[in-house]
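Order of the sequence lines sets the chain letters (A, B, ...), proteins ahead of strands, with each chain counted from 1.
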Number of protein chains: 2
Amino acid sequence: MPNSIEVNSNLSVDCVIFGFDGERLNVLLIEEKDIGQGLLRKRLPGDLIHKGEGLDEAANRVLFELASLKNVLLKQCHTFGDPHRVNDEKDKKWLEIYRNNPEERVVTVSYYALVKMANFVPNPASFAGEALWQNIQDIPELAFDHNEIVEVALWKLQRHFELSKIGYELLPSKFTLNQLQQLHEAITQEELDKRNFRKKIVREKIIEATDEKQEGVLHKPARLYRIKPGQSALGN
Amino acid sequence: MPNSIEVNSNLSVDCVIFGFDGERLNVLLIEEKDIGQGLLRKRLPGDLIHKGEGLDEAANRVLFELASLKNVLLKQCHTFGDPHRVNDEKDKKWLEIYRNNPEERVVTVSYYALVKMANFVPNPASFAGEALWQNIQDIPELAFDHNEIVEVALWKLQRHFELSKIGYELLPSKFTLNQLQQLHEAITQEELDKRNFRKKIVREKIIEATDEKQEGVLHKPARLYRIKPGQSALGN
DNA sequence: ACAAAAGTGTTCGGGATACACCCATGC
DNA sequence: GCATGGGTGTATCCCGAACACTTTTGT
């Protein structure tokens, strides 16, 4: 694939973009258009790093090109550089089509991001393929070593989440405690007790009740909460 | 510096080797011989990655060449690839001397290791300079972005240490509870209460008492403990 | 009145923390 | 006998886990 921008042909970034829909956690995958060679496996969005471009910068660029998103939590995760990380025949064919020197070992730096799916509007022109959300429970065999990259990213996201209270940016600005609980359950992949969860959240003093309530629901409306002023929504 | 081995000229590893001497935590630094150009800053041991060599493999090679050490905890830490990570004049001069294309941006994958200083016998031939231990409290200004690499490595080591009980390999095979406490204090950089520490350790059931005691000390000899058979000394 | 989700308290066990004195040994 | 580190117990607080019923609203 000819490219007029100068790139580092052996350095790439891959982004594991976790999306929350209010209920479950999903990962953004790219599905190539079938170009008649049976190269059907899905993969993570990623790109070679441009000359003069930083790693974080490249990851942010991929995310921006893909969905015009800026300022989301985007953390470096792990770097994969096994010289044999590409050993499947389908992957090799793909490289022959899209890369200038398909034999070269490519080191990829993986990043993960956490976004609200409703905000995420994929830009169809950004990849030679289609973007789709895949439930975290149900990820198929991916190209290259991308299954491993997703696993590591999920693990790190979970560790990060349990240490520093990130994730509020995935909720509306006023939200119910149940929505918050669903977010926690989606990320940790565990069920939580409603009462214990609420006690814990109250203890943390990060959110506060408003005097508004849900509207338009067919049951008792829940009280809405918001992040307390002065609490940064972005973790470290 | 001509090199007959084929290398990836834009990929390196740097190793943050933490050493424990029974009392404090240190970092291994390389001090170049002064070649009359005032290139006096210390740096981390590291090297370009060879063609066909994996990242972990390269880090292990550096550690092995430096001290003939194998099978130590060596974990990938973070990847640094800012195109301007080399902007000091001294660093640029150093690159002109030691690298074929000193202008190229080099991405470095950092690793950290945790070793017992007594086991560590530096191999003088392995670097064009001298290896020295520097107390973690007292690290000077280093070359390139190596101060930042050390900081990140220490932070990750501490997080790793508090989650999964690593570090027993830094003690003799039979050790006193005080030695173990000093290890914890050196890594976490915090003081601990003796009684509470002992209760906690007992609860974890990773070590057990032997019926041996210290010898040759000028006070009441302490009981010696060992890791219970079947407990892996290596963390994950 | 019924369906659906909201909201609420108590008990138990275990771990974290704070704190001070006697003990065994070598010299 | 004295200096040096070794070794021990108790009380408090907070947190995590387990667990079931009443309330409010829309239809």
Quiz item: Nearest-Å distance, CD (B:Glu191) to P (C:dC19)?
Solution: 14 Å
Practice problem: Would you mind checking if A:Glu65 and A:Arg61 are paired as a salt bridge, meaning a charged N to carboxylate O distance below 4.0 Å? | Solution: yes
Self-check item: B:Lys200 NZ to C:dG14 P, straight-line distance once rounded to whole Å
Solution: 17 Å
Quiz prompt | Length of the NZ-P vector between A:Lys194 and C:dA4, whole Å | solution = 15 Å
Quiz prompt | Atom pair distance, as rounded to whole Å: CG in A:Leu218 and P in C:dC2 | solution = 17 Å
Quiz item: Taking the nucleotide of DNA chain D with the closest heavy atom to each, which residue, B:Leu177 or A:His219, is nearer the 5' end?
Solution: B:Leu177
Practice problem: Using the ring of B:Tyr112 (Phe, Tyr or Trp, six-membered ring only), decide whether B:Lys75 places NZ or CZ under 6.0 Å from its centre and within 45 degrees of its axis. | Solution: no
Quiz item: Among C:dG7, C:dA18, C:dT25, which nucleotide sits nearest the side chain of A:Ala222?
Solution: C:dG7
Exercise. Could you tell me whether the side chains of A:Glu162 and A:Gln158 share a donor-acceptor contact shorter than 3.5 Å?
Key: no
Quiz item: Should B:Arg85 and B:Asp91 count as an ion pair when the cut-off is N to O under 4.0 Å?
Solution: no
Exercise. Remember a base hit wins even if backbone is also touched, and classify A:Arg203 as base, sugar-phosphate or nothing at under 4.0 Å, heavy atoms.
Key: sugar-phosphate
Quiz item: How is A:Arg223 classified with respect to the nucleic acid when contacts are heavy atoms under 4.0 Å: base, sugar-phosphate, or nothing?
Solution: sugar-phosphate
Quiz item: Roughly how far, to the nearest 0.5 Å, is the NZ atom of B:Lys165 from the CD atom of B:Glu204?
Solution: 5.0 Å
Quiz item: Given that A:Lys213 and B:Tyr225 both sit by DNA chain D, which one's nearest nucleotide is further toward the 5' end?
Solution: B:Tyr225
Quiz prompt | 5'-most by nearest nucleotide on DNA chain C - A:Pro221 or A:Asn196 | solution = A:Pro221
Quiz item: Just checking B:Asp193: base, sugar-phosphate only, or nothing, at a heavy-atom cut-off of under 4.0 Å?
Solution: base
Practice problem: Could you check how far CD of A:Gln181 sits from P of C:dT8, rounded to whole Å? | Solution: 14 Å
Quiz item: Rounded to whole angstroms, how far apart are CD1 on B:Ile201 and P on C:dG14?
Solution: 19 Å
Exercise. Return the minimal non-hydrogen interatomic distance between B:Leu44 and B:Leu28, and the atom names on each side.
Key: CD2-O, 4.1 Å
Exercise. Tell me which nucleotide among C:dT8, C:dA16, C:dC23 gets nearest to the side chain of A:Arg195.
Key: C:dT8
Exercise. Write down the distance between NZ (B:Lys205) and C1' (C:dG15), rounded to a whole number of angstrom.
Key: 14 Å
Exercise. Quickly work out the A:Gln214 CD to C:dG7 C1' distance and round it to whole Å.
Key: 13 Å
Self-check item: Span of DNA chain D, from the first to the last nucleotide whose atoms fall under 4.0 Å of chain B heavy atoms
Solution: D:dT4 to D:dT10
Exercise. For the pair A:Lys116 and A:Asp21, find out whether any cationic side-chain nitrogen is under 4.0 Å from an anionic carboxylate oxygen.
Key: no
